[in-house]
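What you see is a predicted model, and the numbers here were worked out from it, not measured in a lab. Chain A is the first sequence line, chain B the second, and so forth, proteins listed ahead of strands; every chain is numbered from 1.
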Amino acid sequence: MKEKDLRRSLSVLPIGTVMKLTSLTARQIRYYEEQGLVSPERNDGNRRMYSLNDIDTILEIKDYLSDGLNISKIKSIYEKRKKDSYKDNSDGLSDQEARKLLSDELLNIGGLNSRDANNNSF
DNA sequence: CTTCTGACA
DNA sequence: TGTCAGAA
């Protein structure tokens, strides 16, 4: 059913609704967009219009944040995940890589502190 | 009234 | 991240 998928991609929600649905502040939601984690449409006025997919993504982001992940780490995960599914031979891994990375980070924060977002410089 | 951008503590 | 200002 791609009709459903299409509707889910329809950006019709103002930031106020997203705030209620995600329990986040406008500041945070805009910040995540700034970081490239979500891409709301920009219809009337210049107002951000979010889709259900965006809500989903933001909810996920929130979840990762709760798990102690940093914005930059989440960015890495999403950048790999959005690439495609599993038929490209450029990297070979996408979703699997993302999951690996995620669990890896999850284990990492379990015993260490997550301060830096990039690779270890030392 | 709701949202936007930029900026400061 | 919260919050204020000025504008749309």
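Distance check, rounded to the nearest 0.5 Å: CD of A/E3 to CG of A/D5 gives 10.0 Å. How far CG of A/L101 is from CD1 of A/I74: 11.0 Å, rounded to the nearest 0.5 Å. For the atom pair A/N53 CG and A/I58 CD1, the distance stands at 11.0 Å (nearest 0.5 Å). To the nearest 0.5 Å, atoms CG (A/D63) and CD (A/E60) are separated by 7.5 Å.
Residues of residues 11-28 of chain A having a heavy atom closer than 4.0 Å to DNA chain C, listed by number: A/T25, A/R27, A/Q28.
Between chain A and DNA chain C, the heavy-atom contact criterion of under 4.0 Å yields a 5' to 3' nucleotide range of C/dT1 to C/dA8.
Residues A/G45 and A/Y32 each lie close to DNA chain C; by heavy-atom proximity, the contact nearer the 5' end of the strand is made by A/Y32. The residue among A/R47 and A/L65 whose nearest nucleotide of DNA chain C lies closer to the 5′ end is A/L65.
A/Y32 and A/M49 sit in two unconnected hydrophobic clusters of ILVMFWY residues. Membership requires side-chain heavy atoms under 4.5 Å apart, directly or through other members.
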Identify every side-chain donor-acceptor pair in residues 13-25 of chain A under 3.5 Å, counting partners at least two apart or on other chains, and give the distances.
| from | atom 1 | to | atom 2 | distance (Å) |
| --- | --- | --- | --- | --- |
| A/T22 | OG1 | A/V18 | O | 2.6 |
| A/T22 | OG1 | A/L24 | N | 3.4 |
| A/T25 | OG1 | A/Q28 | N | 3.3 |
| A/T25 | OG1 | A/Q28 | OE1 | 3.3 |

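A donor-acceptor pair shorter than 3.5 Å can be found between the side chains of A/D54 and A/S51.
Atom P of nucleotide B/dA7 and atom OH of A/Y31 are separated by 16 Å, given to the nearest angstrom. At whole-Å resolution of the value, CE in A/M49 and C1' in B/dT3 are 11 Å apart. One interatomic measurement links the two molecules: CG of A/N46 to C1' of B/dG6, which rounds to 14 Å at whole-angstrom precision.
By the 4.5 Å heavy-atom criterion applied to side chains, A/L52 and A/V12 are not counted as neighbours.
Residue A/R48 is classed as a sugar-phosphate contact, given heavy-atom separations below 4.0 Å to backbone atoms only.
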